[in-house]
Amino acid sequence: MVNETHQLRCTGCARVIEQQALRGNFRCEACGDLYEVEYPGWSAGRNEERSQATRPNPNALRWLWRERRASTAMEDQSGVWRFREMLPIVKSDASIVSLREGNTPLYPLRRAARSTGVERLFAKHQGMNPTGSFKDTGMTTALSVASEMGFSWVACASTGNTSAAMAAYAARAGMRSLVLIPEGKIAWGKLAQSLDYGALTLQVKTDFDGCFRVLSEVVERAPVYLLNSVNPYRLEGQKTPAMEIAEQMEWEVPDHVIVPGGNLANSSALGKGFLEMKRLGLTTRVPKISVVQAEGANPLYCSMVKTGGKTLEPVAANTRASAIRIGNPASWKKAVRVIQETGGWVEQASEAEIALAKAEIGAEGIGCEPASAVTLAGLKKLVRQGRIAREESVVLVLTGHTLKDSEYTIQYHRGKLLGEDEAAGMEAEIEATRRNTIELEAAADNVLRELERASR
Ligand code: F0G
């Protein structure tokens with residue numbers, strides 16, 4: 001028996017199972033690959049009569065989704081559940097755990113548009129979510145499922161944002177949360193959130209990949225629901241920014257969408273969203289989805305260059321963009337599929353390129369955390385390589401808020417972030433974006449002197 005509205009298909013061997021048959025680590029029992037949620041009611045085919053009955057009508061949906069923005073109901077105000085016809089995964093709306101996530105802005109990036117020559121350049125700012133990162137969109141869906149299934153504990157291994165989001169949503173639902181983070185390797189803002197929202201927070205003497213390995217064993221031995229992005233219900237929420245982008249662009253999707261790559265689930269979630277919208281007739285095409293990794297945590301980049309995405313060698317990850325400091329990404333095969341299906345690219349960015357791009361996004365009055373800035377760094381390279389043409393429209397997905405990692409930002413502006421060798425060749429550009437604080441005695445004359453100097 002398969003659940004009425006959705007089923008789970010293994011992305012490796014195509015085996016279909018029901019929700020209750022999912023193992024605690026979300027891996028297929030037969031081939032070890034990950035599952036994805038699918039909605040049999042949407043496909044035409046043998047069961048034609050049923051398909052007609054359950055397949056949503058695109059015009060009605062567009063109208064309904066817009067109407068809901070004026071509603072006061074929690075599930076309508078949420079920028080995830082507003083699109084709930086695209087993710088019928090909970091049995092009752094009463095199970096929904098929400099912090100009014102989603103509905104994030106799409107900002108034109110005017111300065112970056114001038115410097116890259118890409119006139120129609122936008123930032124979809126997922127850092128404007130309730131806990132300051134894109135993780136909220138997936139946490140509301142997976143945690144609602146966990147709550148409906150009757151779990152009292154949820155858990156994740158994290159570089160900081162997943163744990164912040166999970167802890168907040170678990171607290172809202174009255175559930176307990178268990179966080180495994182790599183010791184000393186996450187930004188303070190994120191650690192503070194986990195503590196504030198009441199998670200049992202374990203700093204484990206290993207990296208993210210080690211934390212994930214340990215937790216995978218824990219969930220096999222204890223009744224704890226895993227909320228890492230191997231959980232297919234996370235991706236159902238994380239696909240909704242695709243619907244928002246389409247709506248914000250009057251249902252004309254952009255030519256390119258660029259996302260940072262860490263554990264590599266978000267790229268595939270957005271791809272799934274765009275592909276499903278096209279399938280349902282909401283849009284007529286799908287953007288190219290490109291992924292950018294940090295040079296020091298680039299297993300997907302290496303895999304594409306060396307084997308065309310056929311195999312992936314884990315790397316020992318090291319980057320100051322700690323959110324994407326991941327060497328053995330769980331969802332790499334899903335990411336490869338979406339990149340190849342949409343015709344996108346994979347790029348990498350150096351520490352200096354990331355830091356400069358972050359400062360440039362900050363200088364637009366927008367700001368983001370280091371991991372998000374790889375998107376602008378990657379765009380510059382893809383334009384130089386002729387892979388993105390200047391007349392095309394591009395959306396950069398900014399995954400986290402600038403306040404997540406203020407230490408990084410302050411070190412950059414103090415000129416203490418990058419080593420000389422790292423900044424070599426980029427000194428002038430970096431210098432032009434630096435804004436350090438100035439200490440002075442308390443007198444108006446001193447302030448006026450600085451004002452005059454800065455106005456020259
Ligand atoms: N950007 C930010 C700000 C992130 O926190 C992450 C992942 C990513 C990008 C990469 O997304 O893993 O889907 O490729 N952070 C996870 C965490 C791993 O634990 O918070 P991905």
Side-chain angles (χ1 to χ4, degrees), residues 34 124-129 131-139 142 155-168 179-182 185-187 189-191 193-194 199 201 204 207-212 215 226-232 234-235 237-239 241 258-272 289-294 297-301 317 319-336 338-339 346 349 354 358 361 367-376 378 396-405 408:
L34 297 172
K124 176 67 176 163
H125 207 331
Q126 293 301 95
M128 298 298 184
N129 270 294
T131 77
S133 87
F134 74 103
K135 306 286 183 180
D136 294 343
T137 57
M139 212 43 82
C156 71
S158 181
T159 54
N161 280 326
T162 301
S163 45
M166 181 186 78
V179 163
L180 270 66
I181 47 170
K185 294 285 167 14
I186 78 166
K190 303 175 188 182
L191 175 59
Q193 286 180 293
S194 172
T201 307
V204 189
D207 53 11
F208 168 84
D209 300 295
C211 288
F212 188 65
L215 186 60
L226 182 63
L227 280 177
N228 275 93
S229 53
V230 289
N231 182 324
R234 279 263 313 271
L235 306 198
Q238 284 180 214
K239 77 185 181 188
I258 305 182
V259 281
N263 218 12
L264 295 174
N266 200 36
S267 37
S268 64
L270 291 168
K272 187 173 192 280
I289 311 264
S290 294
V291 175
V292 187
Q293 296 199 295
N298 63 353
L300 180 71
Y301 177 81
T319 169
R320 293 184 189 89
S322 56
I324 51 173
R325 195 174 189 272
I326 296 174
N328 189 13
S331 298
W332 69 273
K333 285 188 193 163
K334 286 189 181 182
V336 167
V338 151
I339 293 160
V346 183
I354 297 171
K358 184 178 129 47
I361 294 167
C368 64
E369 69 165 282
S372 311
V374 298
T375 54
L376 178 57
L396 309 180
V397 180
L398 303 183
T399 45
H401 199 281
T402 184
L403 292 177
K404 286 277 190 177
D405 195 353
Y408 179 105

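Whatever order the structure lists ligands and atoms in, that order sets their numbers, starting from 1. Quick caveat: nothing in here was measured; it's all calculated off a predicted structure.
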**Student:** For Ala165 versus Lys135, what's the shortest heavy-atom pair and its separation?
**Tutor:**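 Taking Ala165 first and Lys135 second, the nearest heavy atoms are CB-CB, 3.7 Å.
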**Student:** Does a donor on one side chain and an acceptor on the other come within less than 3.5 Å for Gln193 and Lys404?
**Tutor:**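 A pair is found: one side chain offers a donor N or O, the other an acceptor, under 3.5 Å apart.
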**Student:** Verify the distance criterion only: is there a donor paired with an acceptor across the side chains of Ser372 and Thr399 at less than 3.5 Å?
**Tutor:**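 Side-chain D/A pair, Ser372 to Thr399: present.
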**Student:** Enumerate the protein residues lying less than 4.0 Å from ligand 1, judged by heavy-atom distances, in chain and residue-number order.
**Tutor:**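 Protein residues near ligand 1 are Phe134, Lys135, Ser158, Thr159, Gly160, Asn161, Thr162, Pro260, Gly261, Gly262, Asn263, Leu264, Ala265, Asn266, Ala323, Ile324, Ile326, Glu369, Ala371, Thr399.
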**Student:** So, Glu369 versus Asn161: side-chain donor-acceptor pair below 3.5 Å or not?
**Tutor:**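 Looking only at side-chain atoms, Asn161 and Glu369 do form a donor-acceptor pair, the distance falling under 3.5 Å.
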**Student:** Side chains of Ser322 and Thr159: donor-acceptor distance under 3.5 Å anywhere?
**Tutor:**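 Per modelled atom types, Ser322 and Thr159 side chains form no pair under 3.5 Å.
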**Student:** What I want to check is whether the side chains of Asp136 and Thr131 have a donor and an acceptor closer together than 3.5 Å.
**Tutor:**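 Side chains of Asp136 and Thr131: pair found under 3.5 Å.
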